[in-house]
Amino acid sequence: MENSSLINKKSNRKFKESDYYNCSHSEYYLLPFKFHRINATKEILVNEVGDFIIVPSGTAETIISKKLLKHIDEDLYADLISNFFICEEKVPALIDILATRYRTKKSFLDYFTSLHIFVISLRCEHTCHYCQVSRVVQNKDVYDMKISHIDKGIDLMMQSPNPNITMEFQGGEALLAFDKIKYAVIKASDEAPKKNKHITFVICTNLAPITDEILEFCLSYQILISTSLDGPEYIHNKNRHRPGNNSYQLAIKGINKCRESLGNDRVSALLTTTNLSLDYPNEIVDEYFNQGFRNIFLRSISPFGFAAKNSKKNKYEASKFLNFYKTALNRIIEYNLNGEFYREDYASIILKKILTPFPVGYVDLQSPSGMINSVIVFNYDGKVYATDEARMLAETKDYTFQLGDLDVNSYNEIFYGDKAFQFAEAWTNESLPGCSECAFQMYCGTDPVLNHQTQGDIYGHRPTSVFCQKNMEIIRYLIELMDSNKQIEHVFRSWITGRN
Amino acid sequence: MKHEIVGNMLTVIVDKETYPSDVLYKCFYWYSDNYNVQIFPLDHFNYKVTLQCKVLEHNFDSILEKIQQDLIDFKLRDIVAKETRTVRELIIAKAFAYYDLADNPSTEISDPVGFNPDII
Amino acid sequence: MLLKTKGIPWIIKETIVGRVTRDAYDIDSNSVLIAEDKIILHESQNFKAILTNLPNKLEIDIPLVYSVETFDHLLDGDIVAINNDGIINTLYRVASNQNFILFTERCNSNCLMCSQPPKDKDDSKFLVNLHKQLIPLIPKNCHEIGITGGEPTLLENHFFELLELIKQELPETEVHCLTNGRSFAWNNIAKRLGMLQYNQLMLGIPLYSDYYQSHDYIVQAKNAFNQTIKGLYNLATYDIRIEIRIVLQKETIQRLVKLAKYIYKNLPFVEHVAFMGLEYQGYTPYNIHKLWIEPLAYMEELKEAANFLSDQGINVSIYNSQLCVMPKELWKYNKKSISDWKNIYLSECSKCTLMDKCGGLFASGERKHSEFIKAIEIC
């Protein structure tokens with residue numbers, strides 16, 4: 001580049017027309033993008049970093065067959081250039097922007113495993129019919145996690161490259177082994193600053209065993225409580241049998257007690273959807289709102305453990321869930337349109353991927369998938385599993401996703417062992433049949449464990465996959481809702497930013 | 001698109017050059033839930049695709065139009081994939097490179113007095 | 001508001017920069033005496049120069065300007081540059097919080113609406129020398145200072161020298177530097193700026209469209225868009241604070257909302273976005289048929305764009321706009337931004353209850369402004 005020659009050039013400050021700045025030569029070049037028909041009249045184009053444009057059906061064909069003419073459809077042409085769908089050079093001038101944005105999108109992977117689940121006890125006094133965990137009531141020596149295993153688990157957790165780690169206690173009913181939780185929390189809190197780690201604690205509990213002593217402890221270590229609320233009393237109790245049949249009362253009482261002692265934002269509730277729930281979308285949405293929650297996570301039941309055995313009660317097709325989901329979602333949107341902030345969490349995860357340039361790590365819907373990369377499970381018996389569902393599979397004697405044993409294996413053997421490499425072949429949707437060309441790839445994810453359980457191999461078969469059917473339709477529906485109604489788009493954006 | 005229906009089997013003949021095997025496999029993958037699909041080279045110029053319905057009684061009318069449309073869609077996707085392969089690899093490589101420094105622009109800074117950004 | 005005056009020079013070789021004072025007994029060696037109607041001379045005087053309205057030259061060996069037209073615009077403490085042709089420019093005003101330093105009049109763009117049209121000659125020697133004298137004299141409690149041009153980065157190494165000097169002399173001062181950002185597409189330049197580790201520095205960079213052809217046309221330079229975007233990315237890599245500026249005119253309104261979305265998706269690291277009303281100055285009158293759009297007509301687009309960015313957590317301001325022309329929901333973004341020396345209000349405005357809060361107009365706006373300026377009466 002000869003800048004010095006410019007000194008000799010007479011500066012030409014005569015104003016030029018827009019055409020002078022047109023850099024296109026002949027045909028434009030395509031940039032990587034995917035497309036999908038979202039309904040009879042519209043299709044969506046999605047670029048390599050997840051930006052989308054909604055256009056009339058047939059537009060993708062026009063663009064790809066190079067029939068788009070700049071001077072005829074300049075607005076669309078400009079949109080496609082500015083949004084990285086086409087460009088006027090072989091290698092786009094702003095390729096580094098695309099690279100940086102792509103890296104940003106995947107940067108939820110940056111520090112590897114963050115969530116460490118400790119199944120502190122298998123004991124539980126509930127007998128929920130969909131429970132994916134074997135129910136065991138007695139024998140804490142066998143079914144509670146040993147101190148030595150807690151120590152080893154903490155040691156592995158501290159070896160994670162992630163400066164932010166979460167230690168989550170599950171069960172059975174985790175609080176039945178509160179003494180073990182106490183030990184684990186105190187020990188981990190001690191270790192964390194030595195390894196420059198910031199640690200967050202979560203206890204998953206049905207709140208039946210909650211006491212003031214437990215609450216005090218939770219307050220001093222800023223422990224988050226995650227509990228279950230399946231909906232109004234008749235649904236909750238039907239799903240969650242307990243001697244005395246008062247699971248709902250105990251849950252509500254517990255939730256309020258926790259809010260009082262720990263603060264509203266320290267208690268969250270998870271919904272488990274069963275066949276019974278499917279008939280009551282509005283009632284469930286209303287119940288959460290009435291109990292003071294301003295967010296709800298509408299997730300489908302995972303077909304593991306007891307769920308698979310109780311097929312009459314729990315087996316249902318994706319379409320039934322989708323009807324439930326859409327009805328509930330619309331109810332929630334209604335609250336928002338009437339001025340109340342009320343967020344659906346599953347939609348929010350997807351919306352954040354669609355509407356923002358930021359990374360979104362959610363273990364059940366990401367590529368590469370959450371197993372090992374984001375989450376690891378230390379079971380009560382010292383065995384290590386790739387995900388929560390993986391250890392439930394083990395209850396049915398399927399040890400495919402068992403990665404090792406706390407007494408035997410090192411960090412490397414568990415996180416970077418042969419099994420991990422094997423699963424890696426199937427854990428990116430970019431390389432799976434059906435997913436590799438899908439327009440929703442950036443918004444979706446993959447779950448090799450689910451594929452194995454429901455379809456017989458870790459790759460899965462997309463045309464018959466419940467995961468695919470459910471997610472494709474939810475994503476398509478969210479997009480269609482936003483496109484048809486600007487107010488709904490505004491509501492969705494408020495869910496992501498947290499402001500109305 | 002040449003086709004023939006015999007019983008619960010639909011046979012489709014497609015031109016090899018327009019629809020290479022990549023396109024056919026990606027397209028008919030989505031039919032493998034309800035059909036047993038097989039793809040053979042027929043002769044120098046064509047592929048033969050057979051779809052055998054897994055259910056005994058079946059009406060193929062609605063599916064013919066869908067197949068036409070899907071073939072076109074997957075062909076389009078194939079065009080994009082082939083044309084953008086290099087750029088896509090470049091984007092990903094740059095995204096995850098440890099020491100990649102973006103190149104300085106090869107375009108002019110356009111200062112009439114002669115500012116040269118390379119010498120700073 | 002006057003920013004310069006002149007008189008007859010006597011023994012002025014090079015441009016002199018000094019702080020004016022009317023106190024004849026001031027002994028600061030950087031002071032310039034304003035002697036109105038009489039001159040007091042004494043032994044310990046140390047003035048850099050003397051300015052007087054008296055009509056006669058004096059036999060002293062201190063640089064002198066006599067027959068100066070007026071001193072009314074100068075307060076004690078203001079900093080002036082006395083040129084060898086007798087022109088006295090005010091470089092810094094103590095009573096103003098809108099002081100700026102003009103780094104150069106050179107520019108590598110040629111925006112259709114440039115309010116300070118560039119000059120294609122190398123003025124670096126003169127201006128750098130001037131500013132090296134000016135910067136140490138600026139009061140240390142100066143809250144905020146602007147750097148303008150032309151395009152400041154064209155000063156090459158001097159750009160960094162002067163910034164370093166400002167950082168050193170005025171460590172508490174917020175510095176707002178206007179630049180087209182194109183030079184920073186060259187990584188070495190962005191890196192050098194990053195090495196300054198200058199937290200008080202914010203760059204104000206214009207971006208007029210999400211579509212390269214539109215932006216390049218508006219700034220009248222090929223490849224400007226690509227260079228600016230690359231520059232923004234490089235600056236972000238080195239954690240340099242950035243503001244995006246968008247002038248509201250006919251060409252930018254068309255894709256304004258798309259530009260807002262582009263900024264959010266591709267430049268989410270920007271600290272602030274400023275939407276600016278058009279100034280009827282410089283090139284603007286010549287290009288007015290390409291630029292002018294009645295402000296009332298673009299309020300819907302402005303609302304959508306401003307609210308979109310604000311909802312995503314990016315700070316938004318609207319400058320150079322009048323409250324009566326804007327919908328109420330945009331008032332919260334409105335800032336009084338017009339430099340005091342060119343800020344006016346129309347006669348209609350004297351009836352307005354919100355005149356205090358409103359930014360008013362550019363002086364040049366007298367000739368061209370919204371048809372809908374009207375006093376707001378709030379009871």
Q: Check the surroundings of atom NZ in C:K167: do more than 12 heavy atoms from other residues, nucleotides or ligands lie under 6.0 Å from it?
A: yes
Q: Return the minimal non-hydrogen interatomic distance between B:P112 and C:D120, and the atom names on each side.
A: CG-OD1, 3.5 Å
Q: Any sub-3.5 Å donor-acceptor pair from C:N188's side-chain atoms to B:P117's backbone N or O?
A: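 Side chain of C:N188 to backbone of B:P117, a donor-acceptor pair under 3.5 Å: yes, one is there.
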Q: Between the side chain of C:Q227 and the main-chain N/O of B:E108, is any donor-acceptor distance below 3.5 Å?
A: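 Side chain of C:Q227 to backbone of B:E108: a pair is present.
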Q: Heavy-atom cut-off 4.5 Å, strictly under: side chain, backbone, both or neither for C:F160 against chain B?
A: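 When you check distances to chain B, only side chain atoms of C:F160 fall under 4.5 Å.
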Q: Considering only heavy atoms, which portion of C:K191 lies under 4.5 Å from any heavy atom of chain B: side chain, backbone, both, or neither?
A: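 No part of it gets close to chain B.
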Q: Evaluate the side-chain proximity of C:L155 to B:F115: yes if any heavy-atom separation is below 4.5 Å, no if none is.
A: no
Q: Has B:F60 got more than 12 heavy atoms of other residues, nucleotides or ligands less than 6.0 Å from its CZ?
A: yes
Q: Determine yes or no for a side-chain-to-main-chain donor-acceptor pair under 3.5 angstrom, with C:R182 supplying the side chain and B:I109 the backbone.
A: yes
Q: More than 12 non-hydrogen atoms from neighbouring residues, nucleotides or ligands closer than 6.0 Å to CD on B:Q68, yes or no?
A: yes
Q: If you count every heavy atom of other residues, nucleotides or ligands that lies below 6.0 Å from C:E14 atom CD, does the total exceed 12?
A: no
Q: Applying salt bridge (charged side-chain N to carboxylate O under 4.0 Å, His left out), which residue pairs with at least one partner in residues 232-247 of chain C are found, sequence neighbours left out?
A: C:E174-C:R241, C:R241-C:E271, C:E243-C:R245
Q: With a cut-off of 6.0 Å (strictly less than), are more than 12 heavy atoms of other residues, nucleotides or ligands near NZ of B:K16?
A: yes
Q: side-chain contact (heavy atoms from CB on, under 4.5 Å) for C:L154 and B:V113? Distances and angles first, verdict last.
A: CA-CA 9 Å; C:L154 297 184; B:V113 185; over 6 Å; no
Q: B:T107 side chain to C:N223 main-chain N or O, any donor-acceptor pair under 3.5 Å?
A: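 No; judged by distance alone, with no hydrogens or angles, the pair does not exist.
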Q: Please say whether more than 12 non-hydrogen atoms of neighbouring residues, nucleotides or ligands are located less than 6.0 Å from CZ in B:F96.
A: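 Yes, because the 6.0 Å sphere around CZ of B:F96 holds more than 12 heavy atoms from other groups.
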Q: Where is the tightest heavy-atom contact between B:D111 and C:R106, given as atom of each residue plus distance?
A: OD2-NH2, 2.7 Å
